[in-house]
Amino acid sequence: MKKAILATKVGMTQIFDENGVLVPVTVLQAGPCVVTQVKTVENDGYDAIQVGFGEKKERITTKDVSGKKVIRNPHGAGKAEVGHAKKANTTPKTFYREFRLDDCAQYELGAEIKADVFAEGDKIDVTAKTKGKGYAGGLKRHGLKSGPSGHGSKYHRHAGSNGSATTPGRVFKGKKMPGHMGSVRVTIQNLEVVKIDAENDVILVKGAVPGPKKSLVMIKDTVKTGK
């Protein structure tokens with residue numbers, strides 16, 4: 001059975017394994033998640049499950065004594081989202097993500113997915129959005145070599161020549177130049193689950209996971225089977 005779950009990144013720490021080896025791990029608060037929709041080929045054209053994670057307040061609209069409309073929790077869930085959650089007998093969620101699994105029919109609407117769906121030693125793929133670095137220069141963004149450090153150089157952190165004025169008379173596509181860095185979706189493959197804390201719904205993953213603390217992380221079985 002294919003497995004998938006949503007989590008938030010807590011941070012990094014280190015633990016000792018059974019052989020006394022120090023292992024750096026990333027702590028992930030995984031679930032509990034709820035299956036909020038089961039998509040089928042007949043109804044939707046493809047098989048998938050929609051998973052919700054994190055509690056979200058409901059947006060409430062009332063009127064004050066003067067008859068003026070007052071909205072509580074303006075960023076909360078609207079009527080459509082509340083109704084969608086009620087179909088799965090649950091409350092509105094902060095995050096919703098789809099997973100296209102081979103055996104989606106085995107999941108039932110409203111079913112809970114907890115951290116113990118994975119086991120120690122499992123190989124997983126982790127998807128998250130990396131930290132945003134803002135506008136960065138070529139040296140930081142691409143690891144280019146800097147110029148001489150002497151004061152007379154006048155060439156220190158420049159990216160170098162961009163192109164010729166004659167042939168080709170333009171800048172080639174893919175030229176490593178300054179620009180926006182980070183804040184992109186990244187998948188790290190074949191990470192190892194070191195430990196599962198089923199009571200607290202925590203997964204410890206060996207190594208680093210993309211993204212800042214409290215960011216959303218998607219965990220799936222690795223596609224690198226047999227490795």
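- Atom NZ of residue Lys140 and atom OH of residue Tyr135 lie 13.0 Å apart, to the nearest 0.5 angstrom.
- Side chain of Lys9 to backbone of Gly211: a donor-acceptor contact under 3.5 angstrom is found.
- The nearest pair of heavy atoms linking Val38 to Tyr107 is CG2-O, 3.7 Å.
- Leu6 and Leu109 end up in different hydrophobic clusters when Ile, Leu, Val, Met, Phe, Trp and Tyr side chains are linked at under 4.5 Å.
- Cluster annotation: Leu101 and Val35 are assigned to the same hydrophobic cluster (Ile/Leu/Val/Met/Phe/Trp/Tyr, side-chain heavy-atom contacts under 4.5 Å, transitive).
- Arg170 places no side-chain N or O within 3.5 Å of a backbone atom of Gly163 that could act as its donor or acceptor partner.
- In this structure, the side chain of Ser153 does not engage the main chain of Gly150 through any donor-acceptor pair within 3.5 Å.
- With hydrogens and angles ignored, the 3.5 Å screen pairs no side-chain donor or acceptor of His156 with any backbone N or O of Ser146.
- Looking only at distances, a side-chain donor or acceptor of Thr130 sits under 3.5 Å from a matching main-chain atom of Ser183.
- Taking hydrophobic clusters as Ile, Leu, Val, Met, Phe, Trp and Tyr residues chained together by side-chain heavy-atom distances below 4.5 Å, Ile203 shares a cluster with Leu216.
- Closest of all the heavy-atom pairs between Lys206 and Val25 is CA-CG1, 4.3 Å.
- The line from CD of Glu199 to CG of Asp116 is 12.0 Å long, rounded to the nearest 0.5 Å.
- Cluster membership check: Val184 shares its hydrophobic cluster with Val209, using side-chain heavy-atom separations under 4.5 Å among Ile, Leu, Val, Met, Phe, Trp and Tyr.
- Here the closest non-hydrogen pair linking Met12 and Gly207 is CE-O, 3.7 Å.
- Of the possible polar contacts, none joining the Asn43 side chain to the Thr40 backbone as a donor-acceptor pair under 3.5 Å is found.
- At a threshold of 4.5 Å between side-chain heavy atoms, the hydrophobic network of Ile, Leu, Val, Met, Phe, Trp and Tyr places Leu204 and Val217 in two separate groups.
- In plain terms, the two heavy atoms of Pro210 and Ser215 that are nearest each other are O-OG, 4.5 Å.
- Once rounded to the nearest 0.5 Å, the distance linking NZ of Lys86 with NZ of Lys79 reads 10.5 Å.
- Rounding to the nearest 0.5 Å places NZ of Lys69 at 12.0 Å from CG of Asp64.
- With contacts defined as side-chain heavy-atom distances shorter than 4.5 Å, the pair Ile60/Ile71 does not qualify.
- Side-chain contact between Gln37 and Tyr96 is absent, with no heavy atoms from C-beta onward closer than 4.5 Å.
- Between the side chain of Asp17 and the backbone N or O of Asn19, at least one donor-acceptor pair lies under 3.5 Å.
- Scored by the salt bridge (charged side-chain N to carboxylate O under 4.0 Å, His left out) test, Lys114 finds Glu112 as partners (sequence neighbours excluded).
- Val51 is not listed as a side-chain neighbour of Phe95, based on a closest heavy-atom distance of 4.5 Å or more.
- For the side chain to side chain donor-acceptor pair (under 3.5 Å) with Gln50, the qualifying choice from Lys93, His84, Lys39 is His84, the only one to do so.
- Looking only at distances, no side-chain donor or acceptor of Glu120 sits under 3.5 Å from a matching main-chain atom of Glu192.
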Between Thr127 and Arg185, does the side-chain contact (heavy atoms from CB on, under 4.5 Å) criterion hold? Intermediate values first, please. CA-CA 7 Å; Thr127 302; Arg185 179 170 159 148; 3.5 Å; yes
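- In this structure, the side chain of Asn190 does not engage the main chain of Thr222 through any donor-acceptor pair within 3.5 Å.
- Environment of CD in Glu55: crowded, with over 12 heavy atoms of neighbouring residues, nucleotides or ligands closer than 6.0 Å.
- The heavy-atom pair separating Met177 from Val171 by the smallest distance is SD-CG1, 4.3 Å.
- Contact check for Thr8 versus Phe53: side-chain heavy atoms found under the 4.5 Å cut-off.
- Atom-to-atom distance recorded for His142:NE2 and Met181:CE is 8.5 Å, nearest 0.5 angstrom.
- In this structure, the side chain of Asp125 engages the main chain of Val223 through a donor-acceptor pair within 3.5 Å.
- Just one residue in the list Ile5, Ile219, Val202 forms a side-chain contact (heavy atoms from CB on, under 4.5 Å) with Leu28, and that residue is Ile219.
- What you find for Val194 and Val205 is that their closest heavy atoms are CG2-C, 4.3 Å.
- Considering CD of Glu98 and OG1 of Thr36, their distance stands at 9.0 Å, rounded to 0.5 Å.
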Stepwise, does the side-chain contact (heavy atoms from CB on, under 4.5 Å) test hold for Thr91 with Lys56? CA-CA 8 Å; Thr91 55; Lys56 187 176 183 180; over 6 Å; no
